Amino acid sequence: MKLPFKTNLDGKVAVVTGGGGVLCSCMAEALAACGAKVVVISRRPESSQRTADAIVAAGGVAKAHACNVLDRVGLVAVEREVRETFGPVDILVNGAGGNHPQGTTSREYLFPEDLLESTPDVKTFFDLEFKGVESVLSLNFTGTLLPSQVFGRAMAERGNGCIVNISSMNAFTPLTKIPAYSAAKAAVSNFTQWLAVHMSKVGVRVNAIAPGFFLTEQNRGLLTNPDGSYTPRANTILAHTPAGRFGDPEDLVGALLWLVNDDGAGFVTGTVIPVDGGFNAFAGV
Ligand code: NAD
């Protein structure tokens, strides 16, 4: 992969949860290209293996694990194995996350007619399913907290380490239709600040990257029509993104490599860095 710049991560061990996905596979590959031994964690074995294989094919070192970030026992087993094979973990990227259709309303606004029994196909706020809402909150927030506990402890004991959480634009201002995902990412940003303060006396820096809009499998249904054209929501996003385009996964690599570099970002902790083509700065007028 083509890096925006190189940072020396020789001898470092990096864990990337969600590393089988679109954005975090790119991050995992970038860390490996800078010399880190990378542990790829995804829920499905084939997706973490795909990323690990790509890293090894490019001359790097990687190991794939299939583990649910909400399964503390499973995470502890991975941590032990990583320590025995690669050594203690230096970098943790908490990338596993996402939305769920059951936590999503079908319209942006609630209209009086949506409350009539004659519109059963409209999913309003009142129809959101508890299970869907709860699963989104758990995956994004608890799925960041648990790996930070499991992999962060040895960092604190050694007095050095770096955690990078993955937040979102919806953490700053909630996006329409996705109340659970917005609340969950706000919790991730808030937790990033909390953990940065808490870990500040033991040499562990904690920051987050807040990606803007990237066309990935998670949001393809919201942003594209079956024929591939953009939905009105996608066009609204582009109209509110001064850069005038969706992001590419590679757009996140520069912020990541800077944050994990102790020389470049040694005084940077508790921040949430937007990588969004200007979306967060633009009022729309
Ligand atoms: P993706 O769906 O391509 O990848 C998600 C990855 O997380 C997959 O590898 C999946 O296996 C893994 N995962 C899901 N649930 C898991 C669990 N319980 N345990 C372990 N692994 C699990 O998603 P993506 O678009 O690459 O998003 C990566 C991160 O970036 C997510 O946190 C997402 O919320 C965030 N994000 C994405 C966008 C975007 O536009 N795509 C924007 C802002 C933030």
Side-chain angles (χ1 to χ4, degrees), residues 15-30 38-52 54 64-75 77-78 92-101 103-104 134-147 150-151 164-175 178 180-189 191-192 208-224 233-234 237-238 241 245-253 255-256 272-277 279-280:
V15 171
V16 182
T17 75
V22 179
L23 301 185
C24 294
S25 59
C26 184
M27 293 190 193
E29 288 174 37
V38 176
V39 178
V40 184
I41 296 180
S42 265
R43 197 157 188 181
R44 284 181 294 119
E46 60 276 18
S47 62
S48 43
Q49 193 60 54
R50 197 181 323 118
T51 303
H65 285 274
C67 179
N68 186 341
V69 288
L70 298 174
D71 170 14
R72 195 174 205 287
V73 173
L75 288 168
V78 172
L92 168 65
V93 178
N94 279 311
N99 190 26
H100 193 287
T104 305
E134 196 193 28
S135 77
V136 174
L137 291 170
S138 297
L139 170 60
N140 291 280
F141 175 60
T142 315
T144 296
L145 184 143
L146 279 181
V150 171
F151 295 102
V164 179
N165 298 327
I166 306 302
S167 184
S168 169
M169 275 307 102
N170 60 32
F172 299 101
T173 307
L175 300 180
I178 51 173
Y181 186 48
S182 297
K185 288 300 192 186
V188 169
S189 290
F191 174 64
T192 300
I209 293 172
F213 294 87
F214 295 69
L215 200 46
T216 64
E217 293 319 310
Q218 276 194 20
N219 54 25
R220 197 166 296 278
L222 277 171
L223 301 183
T224 58
R233 188 176 180 85
I237 289 167
L238 289 176
T241 301
R245 66 172 175 88
F246 288 108
D248 295 318
E250 290 76 12
D251 287 321
L252 300 169
V253 168
L256 175 70
V272 180
I273 309 288
V275 181
D276 65 346
F279 182 92
N280 192 47

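Counting starts at 1 for both ligands and their atoms, in listed order. Nothing fancy with the numbering, it's 1 onward along the sequence. Everything numeric here is computed off the predicted structure, so don't read it as measured data.
Counting protein heavy atoms only, atom 13 (N) of ligand 1 is closest to A96 CB, 4.0 Å. The protein heavy-atom contact nearest to atom 15 (N) of ligand 1 is L139 CD1, 3.5 Å. Summary of contacts: the protein heavy atom closest to atom 18 (N) of ligand 1 is N68 OD1, 2.8 Å. The nearest heavy-atom contact from the protein to atom 33 (C) of ligand 1 is Y181 OH, 3.4 Å. Shortest contact from atom 1 (P) of ligand 1 to any protein heavy atom: Q218 NE2, 3.6 Å.
Screening N94, L146, I41, V39 for a side chain to side chain contact (heavy atoms under 4.5 Å, CB included) with F151, the sole residue that qualifies is I41. Screening V136, N99, N170 for a side chain to side chain contact (heavy atoms under 4.5 Å, CB included) with S182, the sole residue that qualifies is N170.
Near G95, meaning under 4.0 Å from one of its heavy atoms, ligand 1 places the atoms 28 (C), 29 (C), 31 (C), 32 (O). In the vicinity of T216, heavy-atom distances shorter than 4.0 Å reach the ligand 1 atoms 25 (O), 41 (N). Those atoms of ligand 1 that come under 4.0 Å of a heavy atom in S168, given as number and element, are 43 (C), 44 (C). Atoms of ligand 1 lying under 4.0 Å from at least one heavy atom of S167, given by number and element, are 43 (C), 44 (C). Of all atoms in ligand 1, listed by their number and element, those nearer than 4.0 Å to a heavy atom of I166 are 29 (C), 30 (O), 35 (C). Below 4.0 Å from some heavy atom of G20 lie the following atoms of ligand 1, by number and element: 9 (O). Contact atoms of ligand 1 toward C67: 19 (N), 20 (C) (distance under 4.0 Å to a heavy atom of the residue). Every atom of ligand 1 with a heavy atom of N219 under 4.0 Å away is listed here by number and element: 39 (C), 40 (O), 41 (N).
In terms of N/O distances under 3.5 Å, ligand 1 is approached by L23. Close N/O approach between R43 and ligand 1 is found [any backbone or side-chain N/O within under 3.5 Å]. Between F213 and ligand 1, not a single N/O pair is under 3.5 Å apart. Considering backbone and side-chain N/O of V69, one or more are found under 3.5 Å from N/O of ligand 1. For ligand 1, the polar-atom distance check finds an N/O of F214 within less than 3.5 Å of one of the ligand's N/O atoms. The N/O atoms of I41, backbone and side chain alike, include none that comes under 3.5 Å of an N/O atom in ligand 1.
Rounded to the nearest 0.5 Å, atoms CG (L256) and CD1 (I166) are 7.0 Å apart. Rounding to the nearest 0.5 angstrom, the gap separating the CD atom in E134 from the NE2 atom in H100 is 12.0 Å. Rounded to the nearest 0.5 Å, atoms OH (Y181) and CG (N219) are 8.0 Å apart. In this structure, CD1 in I237 is found 4.5 Å from CG in L223, a value given to the nearest 0.5 Å.
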Next on the checklist: One pair to check against side-chain contact (heavy atoms from CB on, under 4.5 Å): F213 and D276. What are the steps and the verdict?
Outcome noted: CA-CA 7 Å; F213 294 87; D276 65 346; over 6 Å; no
Checklist entry - Checking side-chain contact (heavy atoms from CB on, under 4.5 Å) for the pair S48/H65: CA distance, chi angles, key distance, verdict? => result CA-CA 6 Å; S48 43; H65 285 274; 5.8 Å; no
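Here the closest heavy-atom approach between residue A184 and residue N140 is recorded as CB-CB, 3.7 Å. The minimum heavy-atom distance linking R220 with L215 is given by the pair NH2-O, 3.9 Å. Contact between T51 and A28 at its shortest, heavy atoms only, is CG2-CB, 4.0 Å.
At a threshold of 4.5 Å between non-hydrogen side-chain atoms, the residues P147 and L92 count as touching. In this structure the side chain of P249 reaches within 4.5 angstrom of the side chain of L23, judged on heavy atoms.
Heavy atoms of N99 found under 4.0 angstrom from ligand 1: none, in either backbone or side chain. Contact annotation: for V22 versus ligand 1, heavy atoms closer than 4.0 Å belong to both the backbone and the side chain. Proximity of M169 to ligand 1, defined as any heavy-atom pair under 4.0 Å, is not found for any part of the residue.
Under the 3.5 Å distance criterion, with hydrogens and angles disregarded, no donor-acceptor pair is assigned to the side chains of N165 and T144.
Residue G98 places a heavy atom less than 4.0 Å from ligand 1.
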